[in-house]
Protein chains: 2
Amino acid sequence: MDSKIVNLRTKLNIFKATSNGANIADCPVRDVMQGVNGKWSSLLMAALAEQPYRFGELRRLVPDISQRMLTQTLHDLQRDGFVHREVFPTKPPSVEYSLTDLGRSMFGALHQLILWAEINHGAVREARAAFDAGG
Amino acid sequence: MDSKIVNLRTKLNIFKATSNGANIADCPVRDVMQGVNGKWSSLLMAALAEQPYRFGELRRLVPDISQRMLTQTLHDLQRDGFVHREVFPTKPPSVEYSLTDLGRSMFGALHQLILWAEINHGAVREARAAFDAGG
DNA sequence: CAGCATCCCTCCGGATACTG
DNA sequence: CAGTATCCGGAGGGATGCTG
């Protein structure tokens, strides 16, 4: 048993949240994970980790995101301090999105998960197939 | 610009998915992230990374999860090959859940994000407060 | 170009009651 | 103890149309 993990649970109250009148924000994991939880968040983080992009460019990069969800997800990422939004008063106006320092820091961790997903994608698919086949 | 990340996008088609007739499973990030995306998945992974637990123990560890969601999330994690489910034919029966090798491997990456969340929770909350206050 | 507003619907997930 | 079954409200998210 990894003592670091036990310490993590004990010290940070990973599991305690809304019970006993506490707010969900008291649980760092749940609170911060909500940023990653969105259907598009990690995808947009990966895109902006590459380089800054404008609104329309992001739409083209992620063809099947609706403009509503793009707006909303970028807004949420901005609110969490991960994304910086810069408006250039050109005509027509253009808006550029980029990662903040906090965003880059967060993506450093998220990146590990993305790399893992790429490497082990096949294993996960096989596990699913086996599960669906035999039980 | 990090060439590794550019390579990631190009090579793995992070952003392409359901367009041009492809399945979402063609995008490793989206496909695997769905496991993490669940409201309870990462929490249960963290719990089981600590040690194997039985159904009722998990309920007590995560007081505000409904038994429906606990069943369903464990089922999904099992299907993805992250969690092993072992039934002991005792009376009354007991079921133990533990991480598989694949699950432990995945949690290695997820753990980075959890640690990040703990360390930077304050920064995220401050960013939100600032955003909500001034825009 | 970069969005906000509106409508609408799916499905996530909670509450409750019942089984092996 | 460890689940299934059913009902149901609300958030998530798509489609469309309009603005600065």
Side-chain angles (χ1 to χ4, degrees), chain A residues 15 17-21 23-24 27 30-31 33-44 47-48 52-80 83-98 131 135, chain B residues 15 17-19 24 27 30 33-44 47-48 52-80 83-98 131 135:
Chain A
F15 306 120
T18 50
S19 57
N20 61 33
N23 193 303
I24 193 178
C27 172
R30 302 195 195 189
D31 196 26
M33 279 300 179
Q34 300 204 316
V36 184
N37 265 346
K39 187 175 178 182
W40 308 102
S41 311
S42 49
L43 225 44
L44 292 178
L48 295 174
Y53 280 114
R54 289 172 52 188
F55 190 85
E57 295 173 325
L58 287 171
R59 278 200 78 168
R60 261 165 273 129
L61 271 179
V62 189
D64 56 341
I65 193 174
S66 68
Q67 139 267 41
R68 172 180 158 76
M69 278 303 102
L70 181 53
T71 301
Q72 183 175 303
T73 306
L74 285 171
H75 182 270
D76 292 348
L77 290 175
Q78 187 191 359
R79 193 176 100 97
D80 280 358
V83 161
H84 173 68
R85 178 178 187 271
E86 182 137 23
V87 183
F88 295 98
T90 56
K91 210 173 179 303
S94 68
V95 182
E96 187 179 87
Y97 293 91
S98 56
F131 186 87
Chain B
F15 306 121
T18 50
S19 57
I24 193 178
C27 173
R30 301 195 195 187
M33 279 301 181
Q34 299 203 318
V36 184
N37 265 346
K39 185 174 178 182
W40 308 102
S41 313
S42 49
L43 224 47
L44 291 178
L48 294 174
Y53 279 115
R54 289 174 50 189
F55 190 87
E57 294 174 326
L58 287 171
R59 279 203 78 166
R60 263 166 271 129
L61 271 178
V62 189
D64 55 342
I65 193 175
S66 69
Q67 133 271 43
R68 170 177 159 72
M69 278 303 104
L70 182 53
T71 301
Q72 183 174 303
T73 306
L74 286 171
H75 182 271
D76 292 348
L77 291 174
Q78 188 190 358
R79 194 176 101 95
D80 280 358
V83 161
H84 173 69
R85 178 178 187 268
E86 182 138 22
V87 184
F88 295 98
T90 56
K91 213 172 174 318
S94 69
V95 180
E96 188 179 87
Y97 294 90
S98 57
F131 186 88

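All values reported here derive from a predicted model rather than from experimental measurement. Lettering follows sequence order; numbering is per chain, from 1.
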Is there a side-chain contact between B:L48 and B:L74 in this structure, where contact means two heavy atoms from C-beta onward sitting under 4.5 Å apart? yes

Options D:dG13, C:dG14, C:dA2, nucleotide nearest the side-chain atoms of A:R85: C:dA2

Residue A:W40, side-chain heavy atoms: nucleotide from D:dG14, C:dG14, C:dA2 that is nearest: D:dG14

Taking only N and O in the side chain of B:Y53, is any of them less than 4.0 Å away from OP1 or OP2 of D:dA2? no

For the side chain of B:R54, counting heavy atoms from C-beta on, which of D:dC1, C:dC1, D:dT4 is nearest? D:dC1

I need the B:M33 CE to A:W40 CH2 distance, nearest 0.5 Å. 14.0 Å

Measure from the side chain of A:M69, starting at C-beta and using heavy atoms only, and say which of D:dA2, D:dG14, C:dG14 lies closest. D:dG14

Side chain of B:P93, heavy atoms from C-beta onward: which of C:dG3, D:dG14, C:dG20 has the nearest atom to it? C:dG20

Tell me which nucleotide among C:dC1, C:dG20, C:dG3 gets nearest to the side chain of A:V95. C:dG3

Nearest-neighbour nucleotide for the B:Q67 side chain, C:dG20, C:dG13, D:dT4 considered: D:dT4

So which nucleotide from D:dG3, C:dA15, C:dT6 ends up closest to the side chain of A:R68? C:dT6

Of the options C:dC1, D:dG14, D:dG3, whose atoms approach the side-chain atoms of B:Y97 most closely? D:dG3

Does A:K39 have a side-chain nitrogen or oxygen under 4.0 Å from the phosphate oxygens OP1 or OP2 of D:dG14? yes

If each of A:P92 and A:G38 is mapped to the nucleotide of DNA chain D with the nearest heavy atom, which maps nearer the 5' terminus, i.e. the 5' end? A:G38

